[in-house]
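What follows is a set of notes on a single structure, which appears directly below.
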Protein chains: 2
Amino acid sequence: MDITFTREQMLWNHKGHQARGKGKSMAEKPARERKRGSGAQYVYEVLREEILDLILPPGSPIDENQLAERLSMSRTPIREALVRLAGEGLVTPLPNRSTVVSNIDFLSLHTFFDALTLMYRVTTRLAGEYHTPADLQIIRSRQADFARSVERQDALEMIATNREFHAAIAEAGRNVYFTNLFCRLLDEGQRILRLYYSSFNDQLPQRYVVEHEQMIAAIEARDINICDRLAKAHADQIVSQIQSMISRGVAHTIPL
Amino acid sequence: MDITFTREQMLWNHKGHQARGKGKSMAEKPARERKRGSGAQYVYEVLREEILDLILPPGSPIDENQLAERLSMSRTPIREALVRLAGEGLVTPLPNRSTVVSNIDFLSLHTFFDALTLMYRVTTRLAGEYHTPADLQIIRSRQADFARSVERQDALEMIATNREFHAAIAEAGRNVYFTNLFCRLLDEGQRILRLYYSSFNDQLPQRYVVEHEQMIAAIEARDINICDRLAKAHADQIVSQIQSMISRGVAHTIPL
DNA sequence: TGTATAATTTTTGTCGACAAAATAGTTTGC
DNA sequence: GCAAACTATTTTGTCGACAAAAATTATACA
């Protein structure tokens, strides 16, 4: 039940929407004069964003030569970026064949939801325990960003700002192991949500804003039990929304 | 409070004990005639093992040229392996300077223990939920290996077989996210335990054997509450042993 | 003698090239 | 007309080379 795309759909996505987003120029970068050592990092960031935004849809092959030409550098830093992305599971290298963007395995979603829920709980709990005033300030700022995108009914931005909000909470919990896993899960979740983002414009986001506020209050009060309960409720809410999106089956980025 | 080594200690470790273990030849590999595409994988495995066994101690720099010569291949596959290891946190790349084996951060050990304990619990719990008879067979086999190494009082083998036992339980839980994190934590734990393995020959391992048996029984009975409780007790036991080892401060691989 | 500067060596990050594998395309046989 | 075998092209994995950066050594100067 992996999601797959025909070659036409892939090309549609890739060519047609390649240069949208944060005003990237077609030439993609002035070419020469990059800082030494920043090459692979840059490729990594570009690819990561395109994968999470589904500009590179699941299953699509990544052509090293083409990328090298587009970003005007040699294949070496591109390969390094691909190895890193493979380590994070965003990309799957097929031996002696092209590397492809990892598929979204809908059959193992319960596994994903289990991990996501537990990480919601444990990071919020730890944030209640270890946060500093500076952390709270950042968290509140992220929450303001999220509320603004809900105001605007911008589903895509909601997904991104929601991610940043919870990532900030995780940071306040000060456990790299949990933060790393949680961010990986949030990334994976972003890919799934992007598939269904047109369903994201209902009454639920407003509820999320309220729940976020409650979580902030619980964190500030350092009441880890309430943190845990709120996080679990929030996670369950999100999980059931994703599940209902999937069962309704309105994937947005598989058009035509 | 990161652990550091003088250059002499590093050389002692590296040169003196490099070729011990599973009968690796000094030449390290027949050189030519490797399968295409296996190069980086091989380097990865060699480095990983040497890092976990502290043959390459924390903080020691990894010389790409030297490695390339030792394994008789070019720097390209070596760099790929290093990127992968960096992704797993076993190695830390210093920009424009050599990559070093990641330090063990004793100041953040509580963070490590938190994550380890939670993963012990959740993987055992999930194993109770999702295991198959085949899983149980593997788990029992790993437990037999562990019991044998306790019998032999071989502390180094205890560490390895204990790792495999719990990894098998995690596999039975069928959640890649948890399994991945757990294995990373077990690897990190292996490095710490190796530092103190001489303290590992007391009465505790026998107790671990018993606790393992109880966990197997709970998994087989599919009683996830007992699974959870036993896993927590087991984790607490191990954590407190490591803490007492550290407070006693008898590091074995920092000799002379 | 000690310290700051300059020259030298070592090491990393990137590049272009090449051979093994796989893919695509063409020819041959039935 | 279709399938199998062969050829050509594309693409990956690896290599050696080179330049930028850092580390090391040598030199100048107080």
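Sequence lines set the chain letters: A, B, ... in the order given, protein chains first and strands last, and positions in each chain run from 1. Computed from a predicted model, the values in this text were never measured in an experiment.
- Atoms CG (A/Leu94) and C1' (C/dT23) sit 14 Å apart, rounded to a whole Å.
- C/dC15 atom P lies 8 Å from atom CD1 of A/Ile78, rounded to whole Å.
- One atom, CZ of A/Arg75, and another, C1' of D/dT10, lie 11 Å apart when rounded to the nearest Å.
- The CG-P distance, from A/Asn65 to C/dG16, rounds to 12 Å in whole Å.
- No engagement by B/Thr99 is indicated, since no non-hydrogen atom pair under 4.0 Å with the nucleic acid exists.
- Counted within 6.0 Å of CD on A/Gln137, heavy atoms from surrounding residues, nucleotides or ligands total 12 or fewer; the atom is thus considered open.
- Shortest non-hydrogen contact noted between A/His166 and A/Phe182 is O-CE2, 3.6 Å.
- Atom pair B/Met73:CE and C/dC18:P shows a separation of 22 Å (rounding to whole Å applied).
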N/O to N/O distances under 3.5 Å, protein versus nucleotides 6-8 of chain D:
none

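- Within the nucleic acid shown, B/Thr76 comes within 4.0 Å of at least one base atom, counting heavy atoms only.
- With D/dT12, C/dT14, C/dT12 as the choices, the nucleotide that has an atom nearest any side-chain atom of B/Asn96 turns out to be C/dT12.
- Between the CD atom of B/Glu80 and the P atom of C/dT14 there is a distance of 15 Å, given to the nearest Å.
- Nearest nucleotide to the side chain of B/Arg36, out of C/dC15, D/dT12, D/dA20: D/dT12.
- The CG-C1' distance, from B/Asp63 to C/dT9, rounds to 14 Å in whole Å.
- Nearest heavy-atom pair across A/Asn103 and A/Gly59 is OD1-N, 3.3 Å.
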Ignoring hydrogens and angles, write down the donor-acceptor pairs under 3.5 Å from the side chains of residues 91-100 of chain B, residues two or more places apart or on other chains.
| from | atom 1 | to | atom 2 | distance (Å) |
| --- | --- | --- | --- | --- |
| B/Thr92 | OG1 | B/Ser102 | OG | 2.8 |
| B/Asn96 | OD1 | A/Arg36 | NE | 3.0 |

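- You won't find any donor-acceptor pair under 3.5 Å spanning the side chain of B/Arg97 and the base of C/dT12, going by distance alone.
- Atom CG in A/Leu67 sits roughly 13 Å away from atom P in D/dT11 (whole-Å rounding).
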Query raised in the report: Taking it one step at a time, do A/Glu45 and A/Arg48 satisfy salt bridge (Lys or Arg N to Asp or Glu O under 4.0 Å)?
Result: CA-CA 5 Å; A/Glu45 286 164 8; A/Arg48 192 187 122 91; over 6 Å; no
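- Counting only N and O atoms by type, the side chains of A/Thr132 and A/Asp135 include a donor and acceptor under 3.5 Å apart.
- Relative to the side chain of A/Glu64, the nucleotides D/dA17, D/dT12, C/dG16 differ in distance, and D/dT12 lies closest.
- Among all heavy-atom pairs drawn from B/Leu71 and B/Val43, the shortest one is CD1-CG2, 3.7 Å.
- In terms of phosphate contacts, B/Ser74 brings a side-chain nitrogen or oxygen within less than 4.0 Å of OP1 or OP2 of D/dC15.
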